Structure formats: structure tokens, C-alpha cells
Protein chains: 2
Amino acid sequence: MVTLEDVAALAGVSRATVSRVVNGDNNVRPLTRNKVAQAIAELSYTPNPAARALASKHSNTLGLVTTSYRGGFFGALMDFVQTEAESHGKQLLVTQGRNSAENELLAIQRLFSLRCDGVILHVRSLSDDQLRQLATEQRRFVLLDRLVPGLEDRCVTFDHIRASQMATQQLINAGHQRIACISGPAQRASSQLRLQGFLAAMQAANLQPVGCLEGVYDLESGYQCADQLLRHEILPSAIYCCNEEMAIGALLAIKEHHLRVPQDIALICYDSGERAPFVRPALTSVHFPITEMAQYATRLLINPLTPVEQFEPEIIHRDSITVAGGN
Amino acid sequence: MVTLEDVAALAGVSRATVSRVVNGDNNVRPLTRNKVAQAIAELSYTPNPAARALASKHSNTLGLVTTSYRGGFFGALMDFVQTEAESHGKQLLVTQGRNSAENELLAIQRLFSLRCDGVILHVRSLSDDQLRQLATEQRRFVLLDRLVPGLEDRCVTFDHIRASQMATQQLINAGHQRIACISGPAQRASSQLRLQGFLAAMQAANLQPVGCLEGVYDLESGYQCADQLLRHEILPSAIYCCNEEMAIGALLAIKEHHLRVPQDIALICYDSGERAPFVRPALTSVHFPITEMAQYATRLLINPLTPVEQFEPEIIHRDSITVAGGN
DNA sequence: CTGAAAGCGCTAACAC
DNA sequence: GTGTTAGCGCTTTCAG
């Protein structure tokens, strides 16, 4: 392992000077700088981050803890955070919290003690209190897709209820009366909000859901729920799926039942941009701009003065609802 | 930030002793150990990894650099590596190499300079030479799904050619003569091997492919290729898809054409266990045991004496090929 | 079993 | 501009 010291020796300067050129400090004579640069090259020296972190208390890296590594949603999330971090010259380290508060906390602690300059949290198990506690310990972090009272200025949020209402409303507007919903796991906050939005829209239109089944946000549960819905005594004319993956499952089930989308069954889903545009028919959706949010969270972390931005749901019209529609 | 020193002061012992109990050294009197433990709890002390890494030259963490964060394949990969790492009491840090040698190298360097005890590499852009060079620098790493001559003992590999042959052979055995293939991006090594296997099996059976289209391993390209194949003057009776994602796309296209699987079109695909089992019909596949390989690579990294294991392709019979078969 | 002491490789005042 | 000098928080001999 070649160290600062070695470089200094070879260049015939002090360690401080080497440190200066490595860190881009301007107070170095070009000539000296060159000597040092050459020595660095010759020795192919790379600074030791651990030593650096220890001495300076920062590391030029950002941390990300996600709920999971699995699924297109998280892939996109990680990808965008990394891209944004790199555009600010920071490296990204990601780790998965899994679905336990203990694990999430462990992951966070590790990231912090690695002296990450900041951490982006997409966590579901840690309680609001724990998060506020964390904020107390003067740690720098932002929360992605989560609203914690008292921590509003570090929360990047999205109005899931409204998004869900809008999606449902599309179906209603298209004239559908027999509407079903495939929601996410009931214990998750975001699932609850989406379901709530659906129910609210239905109630406002004075409609009873034909069915309301709970999936687990994956292909199979989407298939199963849709299949069950399609065997129901009252056949729904439209289905709202609370994520893309389940919508693909539903689509498969619908085709299996020899029904057509959108002629026989209309479909709308939550969409984080991974799949809904790419299946046939392309799925009409409410866009959940997780990638933009991830990007924004990263910026917010780097520069806390970033102006607040509201992320609004938006309907993307594709081909899974007939415009004249309904029955 | 509470340090070793604080704990030592509170417990009335030396820093060395605290270090011992923190690190589970046995040479500490139970009484002393208790005092220290209590002080640690009271101060809720957590060691500083940077300092630890600097002093000890290791960090109890493993690194993983993947080609990408996206897609079920990588999600599963990351997930399994993390699980295995944690079962050995190690934390995992993952970062994405993207598709550039420069980025891959950067990611690797960062991980190493963080003093990761070892790094698992799923890299595609770095050349064999660069990898051998890296090995020279006494760094500890293993290669996942890649064979680099000279580095065999750190390579966890899979016989893609054979797997592909076996998959194709299933179709042939079922009596199919009009077989098409949807392969992956031509520039990737693994795609090439899979295509090669397909071609070899066809040739051995004295069969001409009805079509052989190149996708990019995603849903949409699977759909597009299949769609194109189904408009071909000679309709294939069977399609082999080189990954799961494209197979789902193909399935969607087939249903769109009002054809049935397996009665009208047989389907077989590469399968890393993410989706093939969960669609309807469940897809018959060659299993690519990436999760087992990831697990094994992690073990190999931790304990280089782990006995070598061959990962063999295996056909999983599900419902997308008719047994009596034919066309 | 426990403590003292010497670093790990680097940064950050502070002199010169 | 550049060198000197303290540490950053921890591990690790080496005594005792």
C-alpha cells in the first residue's frame, strides 16, 4: 500500500503539500504540483478513504438504504440516486434494510459511521419516533416517499391518496360502474393510502367496488387476484392495480380468460415507468415519479437549500381504457 | 460522537480492554467485561468503522459490484449475496458498475479502499487483462458468472452453452421443427454463449432456425421480437427466449396473436427464478442458478478453501411445452 | 488478565 | 507557498 508519505518522499515535498494537490487546493506552485502529480502517477497512489474519513469526518460518499433490492421500482430508484450522486462527484453506497426496523437501523448506522456525507432513506419499518430520534443526532438524511411529522423539510413525498383517486376517476369517467381493485399488502402505509384513495373515489361516485383484493405487489399475486376477480359472479368491467407488476399479472390473467383489454376489461395501474409502457396494450396509468423523486432527494441531501418541490400524480393515457368506454 | 476513550473512562479501564470486549476477545475477566458492557450500553457507543479499518486493515464488510441495479436478476443477486454475507456477520456494500470499464474500476477501487474484506464482481466491461492485473495487486475478489483464464480459482461459472443446448433440445425432443430464438444483446459474452448453444443444438438436429432475433433482455424487446416472429411467413411452432423477461414479452405477444401456449406455440426460456414460474402458463425453462452461485461466490470469498462446485443447468418442466408435442 | 504506547494514513491549523 | 505538528478513533504488540 502506497501512502501519502511515499509520494511526499518521492516528490521531495511534505505530506501536507501532497495532501493539498490531491485535494485540489490552489495554494501550490504549479511546479510543485507537477512534481507531486508525477510522483502520484509513478506510484499509482490512491488515497485511503478510511484515513481520510477519520481525519476529516467526511468521505465524499452518499448512502442509500432501500427497503429491498428486488423489483423494477427499486432498481430504478437506486439507479437514479447513483446517477445524481455521481453528477455531484459523490460515490454511492447502497444497502438493503429488509423488512425489519433492526436491520434498517443497522444499515443506517453503518452508512453513517462510514462517514457518508448524507444518507437517503427509503425505509418502511423504522417508526416516526425512531426517525425523529435519528434527526436529533445531527445526522444528515432525507426520507424518500415518506412523511414524518416534524421532519417535513427532509421528506420527499407524493400524494398517494390523490393519485389513487385520479386513477379510479379515470375508470369512472370512462363510464365504468363495475370496478375492482387489486391493492398492495395491507400492512404497508403506501398500500393503505392507495386503497384509501380508491375507496374515496368510488364513494364520491356512489359506486360499490365489485371486488377489492389484496396482492403483494408481485406478478403472481396480480395474476391470482385478477383470476379470482374474473370468476366473480359479477364480472368487473374495469380493474385498478396498485402497481405495475400486479397489472402485468392481471393482464396475463385477463388474456387467459380470453377477454380483451380494453374492450372487455379496462385496466389502469400505478406506474413508476418500468413496465406499464412496454406491454400490449400499453397500460394507462397514474405516474408515480419515483425516479424524479429519487433525484430530487439526492439533490436535497447535497444542498438542503434546494427549493421544495411538490410531486404531483399525473395520468398517462395509453391503451388500456377505451375512451368512449364503459358499459 | 462517543469514543472508545469515553467508554474506557466511564468503565474505569484502559482503551485496550474496551477494545477487547468490543471484539469478543476472551482474555477479559467477566467482571471487567460487565463493567465495560454496561458503559457501552449507557453511552450507546458504536465503534467507528473508519478508525477500525485504518488501524486493523479490515472492516468486516464485503463489497459487491454489479453490472446494473435493474431487473429481477440483479435484485435476486444482490439479495442473496447480502443474506449470505450477513450470515457470516459481514455487512454488504453494493455499487453498480454500469456499462463502462472505467466505472467498474472506480467502484472496485472505492470498495477496496473502504477496506472491504473482499469484493464480489459481476462485471462485464473490464477486460480479462485488467482483472488479472487486479489479482496481481493482492486484492481479494471473486468473479461471478465469468471465466477468466488464469483466475479459475476465483471464478464461479455456469455453462451457458450447455444450458442453451439443453433448452433447445427440449423443443426438439417435443417434436418441434420450426424453432425460433430470441437472444440477448450480441455484444455481451453471455448472450453469445447462449446463442451458440442454441445454434449447436439446432445443427446437431439438422434443423434450420425459423428465425433468430436479437433482443435486449427486457420485456419490450421480447414482445417485439416475438411479434415479428409471429408475422413471419413460416410461423414457428416453438420459441426459445434467452431470458425470463423477454419470455414474458413473448408470451404477451403470443396471446395478442390469439395463439395458445403450449398448444400453438411452445415456449422455453432461461430462468433465474424470478418470473418464469409465476406466469400462466408457467414457463418450462433451463434454470440458471444465479442465486446459488451468488451464495457460493460469497462463501468462496470468505473462505477460499470452499470446495469447488460446478453449477449445472437443469431443465424445469412446467407448462409451456406439450409433452406429446410436435406441430 | 490488563495497561501503556506506538502507530494506521490522512487532514487541518498554525507557523515560517 | 510549504512544512510542522497534532490529532481523528481504533487495534495491537509488548510488558507486567
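What's counted below: heavy atoms across the whole structure, side chains too, no hydrogens, waters or symmetry copies. Predicted model, so just to flag it, every value in this text is computed and none were measured. Within every chain, numbering begins at 1; the chains are lettered A, B, ... in the order of the sequence lines, protein sequences first and strands thereafter.
Here the range on DNA chain C touched by chain B, meaning any atom under 4.0 Å from one of its heavy atoms, is C:dC1 to C:dG9.
For B:Thr298 (side chain) and B:Gln82 (main-chain N/O), no donor-acceptor pair under 3.5 Å exists by modelled atom type. A donor-acceptor contact shorter than 3.5 Å is absent between the side chain of A:Asn60 and the backbone of A:Gln91. B:Ser68 places no side-chain N or O within 3.5 Å of a backbone atom of B:Gln96 that could act as its donor or acceptor partner. Between the side chain of B:Glu104 and the main chain of B:Leu126, a donor-acceptor pair closer than 3.5 Å is present.
Considering A:Lys90, A:Lys57, A:Arg140 in turn, A:Lys90 is the only one that fulfils the salt bridge (Lys or Arg N to Asp or Glu O under 4.0 Å) rule with A:Asp117.
DNA chain C is contacted by B:Val28, B:Arg29, B:Thr32 of residues 28-45 of chain B, taking any non-hydrogen atom closer than 4.0 Å.
Contacts of A:Val13 with the nucleic acid, taken as non-hydrogen atoms under 4.0 Å apart, involve only primed sugar atoms and P, OP1 or OP2. Within the 4.0 angstrom heavy-atom criterion, base atoms lie near A:Asn27.
Between A:Asp129 and A:Arg132, the shortest heavy-atom contact is OD1-NH2, 2.8 Å.
What separates CG of A:Leu4 from P of D:dG3 is a distance of 13 Å, to the nearest Å. To the nearest angstrom, C1' of D:dC10 lies 12 Å from CE of B:Met1.
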At a cut-off of 3.5 Å, list every protein nitrogen or oxygen paired with a nitrogen or oxygen from nucleotides 12-16 of chain D, distance to 0.1 Å.
none

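For the atom pair CD of B:Gln295 and OG1 of B:Thr83, the computed distance is 8.0 Å after rounding to the nearest 0.5 Å. Separation of atoms OG1 (A:Thr46) and CZ (B:Phe112) is listed at 11.5 Å; rounding is to 0.5 Å. B:Tyr45 OH to B:Thr3 OG1: the interatomic distance, rounded to the nearest 0.5 Å, is 7.0 Å.
Of the side-chain N and O atoms in B:Lys57, none sit less than 4.0 angstrom from OP1 or OP2 of D:dC10.
The closest side-chain donor-acceptor pair between B:Asn23 and B:Arg52 falls under 3.5 angstrom.
Separation of the A:Tyr217 and A:Phe73 ring centroids does not fall under the 6.0 Å cut-off.
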